[in-house]
J.: 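Here it is: the structure, laid out below.
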Amino acid sequence: MPVKYNPQEIEKKWQQRWAEDRLYEVSENDSRPKWYALTMFPYTSGDLHIGHWYATAPSDVHARFKRMQGYNVLHPMGFDAFGLPAENAAISRGIHPFTWTMQNIDNMRRQLKSIGAIYDWSREVITCLPEYYKWTQWFFLKLYQNGLAYRGKAPVNWCPHCQTVLANEQVVEGFCERCGAAVSRRDLAQWFFRITKYADELMQHNGIDWPERIKLMQRNWVGKSQGTEISFALDHPGVDGKEIRVFTTRPDTIFGVTFMVLAPEHPLVAELVSTEKRAEVEDYIARSQRQTEIERLSTEKEKDGVFIGAYVVNRLNQEKVPIWIADYVLMGYGTGAVMGVPAHDQRDFDFAKKYNLPIRLVIAPPGWQEVELKEAYTEPGIMVNSVNFSGLPSQQGIEAISNFLEEKGWGKRMVTYRIRDWLISRQRYWGAPIPMIYCPNCGIVPVPEPDLPVLLPEDAEFKPIGESPLKYCEQFVNTTCPQCSAPAKRETDTMDTFMCSSWYLLRYASPNCDTAPFDADKLRYWLPVDLYTGGAEHAVMHLLYARFFIKALRDMGLVDFDEPFTRLFNQGVIIVERQKMSKSRGNVITPDEYVSELGADAVRAYLMFVAPWEKGGEWDDSGISGVSRWLNRVWNLVLEKYNPEYNPKDESKGHRELREKMEKDLTRIAHQTIRKVTEDMEKLRFNTMIATLMGFTGHLAKVKEARTISLSVWSEFIKTLLLLLAPTAPHLAEELWQRTGHEYSIHNQSWPECDEALARDEEITLVVQVNGKLRDRIMVSASITEAEARQMALERQRVKAYLEGKEIADIIYVPGRLVNLVVR
RNA sequence: GCCGGGGUGGCGGAAUAGGCAGACGCAGCGGACUUAAAAUCCGCCGGAGCAAUCCUUGUGGGUUCGAGUCCCACCCUCGGCACCA
């Protein structure tokens, strides 16, 4: 009996050996083609749970596969280390965010190492270290210099619990994405990135292999909308503006306008409001500002608003139209003003009903009998009540009205987007300080590059008061103006952590470069990322921001590619009791106990086997024993001596024929296995890959039992099995590789190649159907002709019974598969 | 409400140019080994039926020689967006 499989022992041993030998450190001086395989780096929450393994283990398997295929593989790992939880720990437990974060990193690094991945730890990146965030700040300055960062006052999303503003993407159904508190609105001066400049390009996903679902989500998020901007004439004493512009996708309904609605925040409201309406209007504005996002966005809520005592004129028919304000009109979209067409827009319809405003039908529904509308008719139709435009179908009407407006100079075709600029200011300590200075003489002055990084002070006080702790840190705030040397104040907000993760992929190319964010040559060598894997929850935030970043850098001439991630794959989510795993829910499953009981190889393989990678699912450890048993079988299969029963010197003819047949069968099955495993690896279909390897193991066990084939053929295919297993169970494969007398390391071997000639089936199962129902199966030569197949099918006893007294109407033949006899 | 993914044995899941439904595993049942148990190995394992056979991929229709796979309608479920003018 060979020694027992002891995963703990061999895993520890090989991890040490690989680290000592720096087996997985990579360099750019390499003749092999490069492959950059990146897994989204984890946030430093403290512990790695099984969900982290689900993200990292399969991507390591694929990276190892590419490595064996002859690529120079960069597969780095690091930590997304700035963010709120660290600061909350400081507030609640008095631990400094830096200490908290670095302790967590130490633990997580240890856990990550236990996976046995090919991470090149010499390239580790940690975003909260000054060597890193110096360059985060540098990129901020670049964006500023290129007009892509600006300071603007805007109504922003405010989370009262986190005590900071949030980007639109971080507000989920009116609640804070992070803590779940109801978000309210505040008017604050904040820093923004002009992501809207790239809106069009961000909707395109040219030349990249991404899931359709994610591309669609991004397109919906950008939300491009073609329409027409229309000017309504304004003649109001004491107001300079002579028009109000609205945006509409339905200019064909312009003759149905019976009122105009402005957003409560619209700048013209204060100027236009009449004296007698002023109190009512101001009250309405105050009320709508106090509302939280959920109250305001509630679809249940009845639409309400206030007439402001002023009018505009619809230039097409010279009608005087009353101006209202209502919070269903959003300042941030279009022009912050809409024309009210109650007959053809449900919101306008509800509004008109409530305030008894006229509803004028201008698009006739098919077969309309001049009855009163019960709801808005929003489909296309034929224009009516529209003077000389009447009779046109909607689509032509849209074109005709737009042309007419453009000719008259009363409007123009335009495109609007749902996406807003990216708000990056956070009123918190644990982030990269925004490198800006406010000087009483010079205004906003960027910190000069040589003065970077703007370091976080170590002795800030952490109080949950809604302002950055930096604001009360005098030695941080007080500085001098880089331009005029007058006393000046630093910006005390820090950057959204998505800023840090927008460029980390670049840092891995040259993590220790201290003269620039990256070494341009190394960047050119490694980037873009060939395969990026991670959770779909980042579909519209991180992935959109990173794409924006790369496009901005490209336009600055800093990088020469358009897209950061050539191929994207989103693994599914592992849930527990129908909920996502998270520390706050207290339903975290840690891999450590499984690793110490069954070994990392078993956990790796089980996670891949349990479901298709993109699917994920409920965590259930009942099946892990099956995978563990399989690895044990592999161990015994390889190490228990193979004793062929024949003597090569005087083999009988009969035995030789049997042996050759079995060797041929094994060879064929081995090559079919290579083909299937390789295909599944490429498609990241790990569950069926493992099933295939299990099947191959089973076949080898039967062959061993028969003791017929030669030792050399046996050894050859045991070697194949180990090579195919190496990415999945790297420790086990390495140990068995060594114990079968091969030279260290299996992980430097080439991936086996399928020989199609050897993989070809010589015999196939021909299915015989009668009227589409399975009636018989025949083993036939793969080279069977159609005539032979028909003949054989008709002669089968089992089939004849079904043909009795019937007439054969047709015979369908599918080569290599079946014969279907159609009878009547 | 709109957009997208998905519904297959007791369970996780296989099967896509439309061609053998249930690969591979878990659980279960039976057997071998053992004083016994564990481990391991072998066999069975969608449902009904003594059987021939029939039924079976969320539901109902359709196309086809043939449908888990294509089309129409509906139900359930997961994810995204949600007053976007």
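Only this structure's heavy atoms are used, side chains among them; waters, hydrogens and symmetry mates stay out. In what follows, every chain begins at residue 1, and chains take the letters A, B, ... in the order their sequences are listed.
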J.: Taking the six-membered ring for Trp, are A:Tyr545 and A:Trp422 parallel (under 30°), tilted (30 to 60°) or perpendicular (over 60°)?
T.: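 Correct class here is parallel.
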J.: From the options B:rG19, B:rC54, B:rC41, select the nucleotide whose nearest atom is closest to the side chain of A:Arg775.
T.: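 Within the option list, the nearest is B:rC54.
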J.: Rounded to whole Å, how long is the line connecting atom CD of A:Glu640 with atom P of B:rC41?
T.: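 Rounding to the nearest Å, CD of A:Glu640 and P of B:rC41 are 10 Å apart.
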J.: What integer number of Å spans the C1' atoms of B:rG9 and B:rC44?
T.: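 Rounded to whole Å, the distance is 15 Å.
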J.: Would you please confirm or rule out a distance under 4.0 Å between OP1 or OP2 of B:rA15 and any side-chain N or O of A:Arg817?
T.: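 The answer is no; no side-chain N or O of A:Arg817 sits under 4.0 Å from OP1 or OP2.
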J.: Checking contacts here: which listed nucleotide (B:rA14, B:rC24, B:rG19) is nearest the side-chain heavy atoms of A:Gln769?
T.: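 Out of B:rA14, B:rC24, B:rG19, the nucleotide with an atom closest to A:Gln769's side chain is B:rG19.
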J.: May I have the distance from A:Arg824 (atom CZ) to B:rG66 (atom P), rounded to whole angstrom?
T.: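 From A:Arg824 CZ to B:rG66 P: 12 Å.
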J.: Using the P atom as the point on both nucleotides, what is the distance between B:rG6 and B:rG10, in whole Å?
T.: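 Approximately 23 Å lies between the P atom of B:rG10 and that of B:rG6.
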J.: Nearest to the side chain of A:Asn220, which nucleotide is it out of B:rC84, B:rA85, B:rC3?
T.: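 From the listed options, B:rC3 comes nearest.
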J.: Should the side chain of A:Glu212 and the base of B:rG4 be counted as holding a donor-acceptor pair, with the cut-off at 3.5 Å?
T.: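 No, no donor-acceptor pair under 3.5 Å.
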J.: Can you label the angle between the A:Trp613 ring and the A:Tyr54 ring as parallel, tilted or perpendicular, going by 30° and 60°?
T.: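 Geometry flag for A:Tyr54 against A:Trp613: perpendicular rings.
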J.: Rounded to whole angstrom units, what separation is found between the CG atom of A:Asn771 and the P atom of B:rC54?
T.: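 In whole Å, B:rC54 P and A:Asn771 CG are 12 Å from each other.
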J.: Hey, does the side chain of A:Arg347 come within less than 4.0 Å of B:rC84's phosphate (OP1/OP2), counting only N and O?
T.: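 Affirmative; the distance criterion is met.
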J.: Give a yes/no on whether any side-chain N or O of A:Arg418 is located under 4.0 angstrom from OP1 or OP2 of B:rA82.
T.: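 So the side-chain polar atoms of A:Arg418 do come within 4.0 Å of the phosphate oxygens OP1 or OP2 of B:rA82, strictly under.
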J.: Roughly how many Å apart are B:rU16 and B:rA85, using the P atom of each and rounding to a whole number?
T.: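 Their P atoms lie roughly 41 Å apart.
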J.: Atom CD of A:Glu265 and atom P of B:rC84: how far apart are they, to the nearest Å?
T.: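 Taking atom P of B:rC84 as the reference, CD of A:Glu265 is at 16 Å.
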J.: Can you figure out which of B:rG4, B:rA82, B:rC83 approaches the side chain of A:Tyr328 most closely?
T.: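 Of the candidates, B:rC83 comes closest.
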J.: Taking the P atom of each, how far is B:rC72 from B:rG12, in whole Å?
T.: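 Comparing P positions in B:rC72 and B:rG12 gives a spacing of 29 Å.
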J.: Would you indicate which nucleotide in B:rC3, B:rC26, B:rG19 comes nearest to any side-chain atom of A:Ser625?
T.: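 So the side chain of A:Ser625 is nearest to B:rC26.
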J.: Please determine, for the side chain of A:Trp221, which listed nucleotide (B:rG13, B:rC81, B:rG66) has the closest atom?
T.: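 The listed nucleotide nearest to A:Trp221's side chain is B:rC81.
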J.: A:Trp630 near the nucleic acid: base, sugar-phosphate alone, or nothing, with a heavy-atom cut-off under 4.0 Å?
T.: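 It contacts nothing in the nucleic acid.
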J.: Between A:Ile812 and A:Arg798, who's closer to the 5' end of RNA chain B by nearest nucleotide?
T.: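 With A:Ile812 and A:Arg798 compared, the 5'-side residue is A:Arg798.
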J.: Determine the minimum heavy-atom distance between A:Ser386 and A:Val362, stating which atoms define it.
T.: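 Of all heavy-atom pairs spanning A:Ser386 and A:Val362, the closest is OG-CB, 3.9 Å.
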J.: Under 4.0 Å, counting only non-hydrogen atoms across every strand here, what does A:Val610 touch: a base, just sugar-phosphate, or nothing?
T.: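 The residue A:Val610 makes sugar-phosphate contact but no base contact.
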J.: Name every donor-acceptor pair, under 3.5 Å, that has one atom in a side chain of residues 807-819 of chain A and the other anywhere in the protein, sequence neighbours excluded.
T.:
none

J.: Counting only Watson-Crick pairs (N1-N3 plus N6-O4 or O6-N4) and G-U wobbles (N1-O2, O6-N3), all under 3.5 Å, who is the partner of B:rA67?
T.: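 Base partner found: none.
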J.: Does B:rU53 have OP1 or OP2 under 4.0 Å away from a side-chain N or O of A:Tyr802?
T.: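 Result: yes.
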J.: Could you work out which one of B:rA85, B:rA23, B:rG19 sits closest to the side chain of A:Asn820?
T.: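 From the listed options, B:rG19 comes nearest.
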J.: If you measure from the Lys or Arg side-chain nitrogens to the Asp or Glu carboxylate oxygens, is any gap between A:Glu243 and A:Arg245 under 4.0 Å?
T.: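 Here A:Glu243 pairs with A:Arg245 in a salt bridge, since their nearest N and O are under 4.0 Å apart.
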J.: For B:rG6, give its Watson-Crick or G-U wobble partner with both distances under 3.5 Å, or none.
T.: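 Pair assignment: B:rG6 / B:rC76.
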J.: Provide, to the nearest angstrom, the distance between the CG atom belonging to A:Leu631 and the P atom belonging to B:rC26.
T.: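 A:Leu631 atom CG is separated from B:rC26 atom P by 12 Å.
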J.: Taking the P atom of each, how far is B:rG79 from B:rC29, in whole Å?
T.: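 Between the two P atoms, the distance is 36 Å.
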J.: Count the heavy atoms of every other residue, nucleotide or ligand shown that sit under 6.0 Å from NZ of A:Lys800, and state whether that count exceeds 12.
T.: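 Yes, the 6.0 Å shell around NZ holds more than 12 heavy atoms from other groups.
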J.: Can you tell me how far C1' of B:rC41 sits from CG of A:Leu637, to the nearest Å?
T.: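 So the CG-C1' distance, A:Leu637 to B:rC41, works out to 14 Å.
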J.: Base of B:rG9 relative to its sugar, syn (within 90° of 0) or anti?
T.: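 Syn conformation for B:rG9.
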J.: Check the phosphate of B:rA14 against A:Asn687, side-chain N and O only, distance under 4.0 Å to OP1 or OP2. Yes or no?
T.: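 Answer is yes, contact under 4.0 Å.
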J.: What is the distance, rounded to the nearest whole Å, between atom CZ of A:Phe686 and atom C1' of B:rA14?
T.: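 Answer to the nearest Å: 17 Å.
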J.: When you compare B:rC55 with B:rA21, how far apart are their P atoms, in angstrom units rounded to a whole number?
T.: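 Comparing P positions in B:rC55 and B:rA21 gives a spacing of 13 Å.
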J.: Tell me whether A:Arg668 is salt-bridged to A:Asp665, with the criterion being a basic N under 4.0 Å from an acidic carboxylate O.
T.: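 Salt bridge flag = yes for A:Asp665 with A:Arg668.
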J.: Looking at A:Thr688, does any N or O in its side chain come under 4.0 Å of the phosphate oxygens OP1/OP2 on B:rG13?
T.: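 No, A:Thr688 has no side-chain N/O under 4.0 Å of OP1/OP2 on B:rG13.
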J.: Less than 4.0 angstrom between a side-chain N/O of A:Lys615 and OP1 or OP2 of B:rG6, yes or no?
T.: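 Indeed not, no polar side-chain atom of A:Lys615 lies that close.
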J.: Once you apply the 3.5 Å cut-off to both distances, tell me the Watson-Crick or G-U wobble partner of B:rC54, or none.
T.: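 Because both required distances fall under 3.5 Å, B:rC54 counts as paired with B:rG47.
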J.: Looking only at atom types and distance, does a side-chain atom of A:Tyr284 sit under 3.5 Å from a main-chain N or O of A:Asp327, one as donor and one as acceptor?
T.: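 Present.
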J.: Can you work out whether A:Asp345 or A:Leu818 has the more 5'-proximal nearest nucleotide on RNA chain B?
T.: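 That would be A:Leu818.
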J.: Using the P atom in both, what is the distance from B:rU64 to B:rU53, to the nearest Å?
T.: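 Per the computed distance, 29 Å lies between those P atoms.
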J.: Suppose we define a pair by two distances each less than 3.5 Å, Watson-Crick or G-U wobble; what does B:rA36 pair with here?
T.: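 With both distances under 3.5 Å required, B:rA36 matches none.
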J.: When you compare B:rC33 with B:rG43, how far apart are their C1' atoms, in angstrom units rounded to a whole number?
T.: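 After rounding to an integer number of Å, I get 15 Å for this pair.
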J.: Applying a 4.0 Å non-hydrogen cut-off, can you work out what A:Arg685 is touching in the nucleic acid: base, sugar-phosphate, or nothing?
T.: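 Since only primed, P, OP1 and OP2 atoms lie under 4.0 Å of A:Arg685, the category is sugar-phosphate.
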J.: Can you tell me which nucleotide in B:rC84, B:rC65, B:rG13 comes closest to the side chain of A:Val822?
T.: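 When the side chain of A:Val822 is considered, B:rC65 is the closest of B:rC84, B:rC65, B:rG13.
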J.: Which base sits across from B:rG1 as a Watson-Crick or G-U pair, both distances under 3.5 Å?
T.: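 Here B:rG1 is engaged in a pair, and the nucleotide opposite it is B:rC81.
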J.: Going by atom type alone, with no hydrogens or angles, which donor-acceptor pairs under 3.5 Å involve a side-chain atom of residues 533-540 of chain A and a protein atom two or more places apart or on another chain?
T.:
none

J.: Starting the side chain at C-beta, find the nucleotide from B:rA14, B:rC20, B:rA85 nearest to A:Thr248.
T.: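 Output: B:rA85.
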J.: Let's see if you can work this out: which of B:rC20, B:rA85, B:rG12 has an atom nearest to the side-chain heavy atoms of A:Leu774?
T.: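 For the A:Leu774 side chain, the nearest candidate turns out to be B:rC20.
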